[in-house]
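Pasting a structure below so you can have a look.
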Amino acid sequence: MENNALNLALASKQQRRNELARMPMEQKLQAIVTLQQMAAPILRKRGKTRPVWTFLPPA
Amino acid sequence: MEATLQILNELEADGVISRYAIGGAIGAIFYMEPFLTYDLDVFVLLPKTPGGLPTLSPIYEALKQRGFDAEGECVLIKGMPVQFLPAYNSLLEEALVEAREESYADTTTRVLRPEHLAAIMVQTGRDKDRQRFATFMEEAPLDAAYFQEVLARHQLTARFNTWKTTH
């Protein structure tokens with residue numbers, strides 16, 4: 001029973017990752033920018049800075 | 001990124017670079033889920049020079065004339081740090097020649113094939129390549145037979161087999 005629940009959770013996780021892999025590149029780049037924005041304050045606290053991309057997304 | 005790609009296409013059309021293709025993290029993300037990265041790695045074939053030694057200087061000069069200055073290892077082109085990497089071995093040369101055309105919005109670009117990206121991860125062999133490789137193999141649409149041919153052609157089969165057995 002527990003194994004079934006675990007397998008279901010892992011399968012759902014893999015399915016989500018496969019969906020992310022199939023997203024249009026424009027959406028993937030937007031996701032990367034969001035990750036960069038989330039990482040920026042953490043990096044700042046560690047004394048590091050990395051530029052967040054500033055390009056405009058396609059119309 | 002579209003404006004960045006348009007500048008790369010201009011450099012190729014003007015003969016500053018013979019051919020370019022996107023590799024590295026962004027190349028991989030064309031085929032797999034997005035992850036945190038900061039640079040656009042662009043592999044380039046450079047025109048032959050009279051001295052015979054390939055140099056990235058003409059690229060930096062052409063970009064400077066367009067108003068884009070080098071910042072460390074990268075050039076900031078239209079808001080995106082771009083790192084130019086010459087194809088310095090036979091695997092990268094093959095990968096560049098066989099790179100695929102892809103569209104980004106209304107602009108055409110070139111991206112390394114997933115089989116070559118995976119082979120480059122095996123060849124480079126850093127910890128981050130190994131971590132990325134496992135996910136890439138699960139998500140990217142690889143032609144398994146072609147991938148094995150690439151590994152064999154560049155003497156990477158043994159290393160790939162070691163990676164497989166330790167995962």
Side-chain angles (χ1 to χ4, degrees), chain A, chain B residues 1-8 22 24-41 68-83 100-112 114 117-118 131-132 134-142:
Chain A
M1 185 71 176
E2 275 180 19
N3 271 349
N4 282 346
L6 181 63
N7 287 339
L8 189 64
L10 291 174
S12 300
K13 200 171 174 181
Q14 188 58 51
Q15 188 184 343
R16 171 69 181 143
R17 292 171 69 178
N18 289 337
E19 285 168 7
L20 288 171
R22 289 194 298 269
M23 279 195 317
M25 197 58 190
E26 292 85 343
Q27 285 180 35
K28 290 182 180 182
L29 289 194
Q30 202 53 60
I32 295 169
V33 172
T34 303
L35 290 170
Q36 291 173 347
Q37 289 167 342
M38 290 164 70
I42 300 166
L43 290 174
R44 261 199 306 277
K45 278 186 183 169
R46 293 181 187 167
K48 295 178 184 174
T49 52
R50 296 299 299 261
V52 174
W53 294 343
T54 56
F55 60 86
L56 296 172
Chain B
M1 175 159 119
E2 188 173 21
T4 309
L5 299 176
Q6 287 166 354
I7 297 292
L8 296 177
I22 297 170
I26 299 291
I29 289 168
F30 266 86
Y31 305 106
M32 67 186 291
E33 65 185 293
F35 55 87
L36 182 61
T37 185
Y38 291 94
D39 306 328
L40 175 67
D41 289 340
F68 307 117
D69 289 322
E71 291 184 8
E73 298 168 337
C74 295
V75 183
L76 193 65
I77 305 176
K78 301 280 184 183
M80 179 171 263
V82 179
Q83 184 166 19
R100 290 175 175 166
E101 286 203 346
E102 297 277 350
S103 291
Y104 180 82
D106 294 327
T107 300
T108 303
T109 187
R110 218 177 281 116
V111 181
L112 299 189
L117 285 164
Q131 287 164 8
R132 188 183 297 164
T135 311
F136 190 77
M137 294 302 280
E138 284 175 8
E139 296 175 4
L142 255 78

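Each chain gets a letter, A, B and so on, in the order its sequence line appears, and its residues count up from 1.
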From CE (B:Met1) to CD (A:Gln30), nearest 0.5 Å | 12.5 Å

Check: B:Met32 main-chain N/O paired with A:Lys28 side-chain donor or acceptor under 3.5 Å = yes

Portion of B:Tyr31 that has a non-hydrogen atom of chain A nearer than 4.5 angstrom = backbone

More than 12 heavy atoms of other residues, nucleotides or ligands under 6.0 Å from CZ of B:Arg100: is that the case?
-> yes

Say whether, by atom type as modelled, one donor and one acceptor occur between the side chain of A:Gln36 and the main chain of B:Thr37 under 3.5 angstrom.
-> yes

So, for A:Glu26 and B:Ala105, which heavy atoms are closest and what is the spacing to 0.1 Å?
-> OE2-N, 2.8 Å

Find out whether B:Glu138 and A:Asn18 are in side-chain contact, i.e. whether some heavy atom of one side chain is under 4.5 Å from a heavy atom of the other.
-> no

Shortest non-hydrogen contact between A:Leu35 and B:Leu36, atoms and distance | CD1-N, 3.6 Å

Donor-acceptor pairs under 3.5 angstrom involving side-chain atoms of residues 45-52 of chain A: please list them, not counting sequence neighbours.
none

Which bit of A:Met23 comes within less than 4.5 Å of chain B, counting heavy atoms only: side chain, backbone, both or neither?
-> side chain

When you measure from the side chain of A:Trp53 to the backbone N and O of B:Gly79, does any donor-acceptor pair fall under 3.5 Å?
-> no

Roughly how far apart are A:Leu29 CG and B:Met80 CE, rounded to 0.5 Å?
-> 5.5 Å

Okay, B:Leu76 and chain A: the region with an atom under 4.5 Å from a heavy atom over there is neither

Return yes when atom CG of B:Asp69 has more than 12 non-hydrogen atoms of other residues, nucleotides or ligands closer than 6.0 Å, and no otherwise.
-> yes

What part of A:Glu19 lies closer than 4.5 angstrom to a heavy atom of chain B: side chain, backbone, both or neither?
-> neither

Might you confirm whether atom CD of B:Glu73 has over 12 heavy atoms from other residues, nucleotides or ligands at distances under 6.0 Å?
-> no

